[in-house]
Student: 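Provided herewith is a single structure, encoded as structure tokens, for subsequent inquiry.
Proteins get letters first, then strands, A, B, ... in listed order; numbering begins at 1 in each. Hydrogens, waters and symmetry mates are skipped; everything else that's a heavy atom, side chains included, is used. In this text the structure is predicted, and so the values were computed from the model without any measurement.
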Amino acid sequence: KQEVTQIPAALSVPEGENLVLNCSFTDSAIYNLQWFRQDPGKGLTSLLLIQSSQREQTSGRLNASLDKSSGRSTLYIAASQPGDSATYLCAVRAYGGATNKLIFGTGTLLAVQP
Amino acid sequence: NAGVTQTPKFRVLKTGQSMTLLCAQDMNHEYMYWYRQDPGMGLRLIHYSVGEGTTAKGEVPDGYNVSRLKKQNFLLGLESAAPSQTSVYFCASSRDSRQETQYFGPGTRLLVL
């Protein structure tokens with residue numbers, strides 16, 4: 001059974017710091033991996049989608065990497081800003097069934113202090 | 001485009017009451033999903049649909065029913081609400097089931113007393 005784990009559960013950093021969020025998954029049979037951002041009381045916004053054949057994706061100050069063989073992904077945020085404060089969720093699109101469903105981690109709550 | 005919208009935003013129910021949550025998408029997506037989010041558990045799939053007129057069970061379907069009579073709408077029903085169904089419910093849609101991202105609605109907060 002695919003399981004997704006995110007470490008740390010919570011992180012507080014001063015503004016301007018570079019930081020890394022970690023995601024691990026137990027089964028390498030995935031189509032892709034996504035990073036989402038969730039603001040309090042809001043829905044999920046997709047940040048980056050990495051297909052299983054890719055190693056990384058970049059969008060602005062965000063860079064996500066994928067090492068399928070080791071079951072790991074990292075989300076790198078450069079020059080963090082208070083507006084980056086949110087919960088970051090990792091999800092893998094697993095093989096199997098009609099939906100090839102998304103399996104989510106429990107998230108990392110990030111606080112960027114001004 | 002409005003994307004994915006959910007109605008209502010918040011609801012309080014008494015145990016045993018019924019209600020329907022409505023999800024609508026204007027992106028012409030085939031696939032639609034209902035998730036629930038609980039503290040410490042991540043998002044879990046309740047039911048999903050691979051097209052108009054189809055529904056299927058996800059990871060935690062008990063106590064819920066769904067219908068997809070129109071392509072753009074996906075309804076989640078609670079026939080007899082229980083306190084264990086207190087949660088935040090998210091609807092999502094996607095164009096396909098493998099490669100592309102899912103787009104999420106803003107969520108419905110449900111409290112069952």
Student: Identify which part of Arg109(B) has an atom lying under 4.5 Å from any heavy atom of chain A, answering side chain, backbone, both or neither.
Tutor: side chain
Student: Atom CZ of residue position Arg72(A) - does it have more than 12 heavy atoms of other residues, nucleotides or ligands inside 6.0 Å?
Tutor: no
Student: Should Val4(A) and Leu75(A) be counted in the same cluster of Ile, Leu, Val, Met, Phe, Trp and Tyr side chains packed under 4.5 Å apart?
Tutor: yes
Student: Can you confirm whether Glu79(B) is buried at CD, in the sense that more than 12 heavy atoms of other residues, nucleotides or ligands lie under 6.0 Å from that atom?
Tutor: no
Student: Could you state the interatomic distance from CE (Met41(B)) to OG1 (Thr106(A)), rounded to the nearest 0.5 Å?
Tutor: 10.5 Å
Student: Heavy atoms only, distances under 4.5 angstrom: which of Val88(B), Leu43(B), Val4(B) has the most pairs with chain A? Name it, please.
Tutor: Leu43(B)
Student: Does Tyr48(B) belong to the same Ile/Leu/Val/Met/Phe/Trp/Tyr cluster as Leu102(A), with side-chain heavy atoms less than 4.5 Å apart forming each link?
Tutor: yes
Student: Drop me the distance from Phe104(A)'s CZ to Arg44(B)'s CZ, to the nearest 0.5 angstrom.
Tutor: 13.0 Å
Student: Where do Thr101(B) and Ser46(A) come nearest, in terms of heavy atoms and distance?
Tutor: OG1-OG, 3.3 Å
Student: Between Tyr35(B) and chain A, with a heavy-atom cut-off of 4.5 Å, which part of the residue counts as in contact: side chain, backbone, both or neither?
Tutor: side chain
Student: Using non-hydrogen atoms only, which part of Leu89(A) is less than 4.5 Å away from chain B: side chain, backbone, both, or neither?
Tutor: side chain
Student: Please flag which part of Gln6(B) lies under 4.5 Å from any non-hydrogen atom of chain A: side chain, backbone, both or neither.
Tutor: neither
Student: Any residues in residues 33-44 of chain A near chain B, with a heavy-atom distance under 4.5 Å, and which are they?
Tutor: Gln34(A), Phe36(A), Gln38(A), Gly41(A), Lys42(A), Gly43(A), Leu44(A)
Student: Is there a path of hydrophobic side-chain contacts, each under 4.5 Å between heavy atoms, that joins Met19(B) and Val112(B)?
Tutor: yes
Student: Would you say Leu76(B) ends up clustered with Tyr33(B) if hydrophobic residues are merged whenever their side chains have heavy atoms under 4.5 Å apart, either directly or through other cluster members?
Tutor: no
Student: Applying a strict under-4.5 Å side-chain criterion to I, L, V, M, F, W and Y, I'd like to know whether Leu48(A) and Leu19(A) cluster together.
Tutor: yes
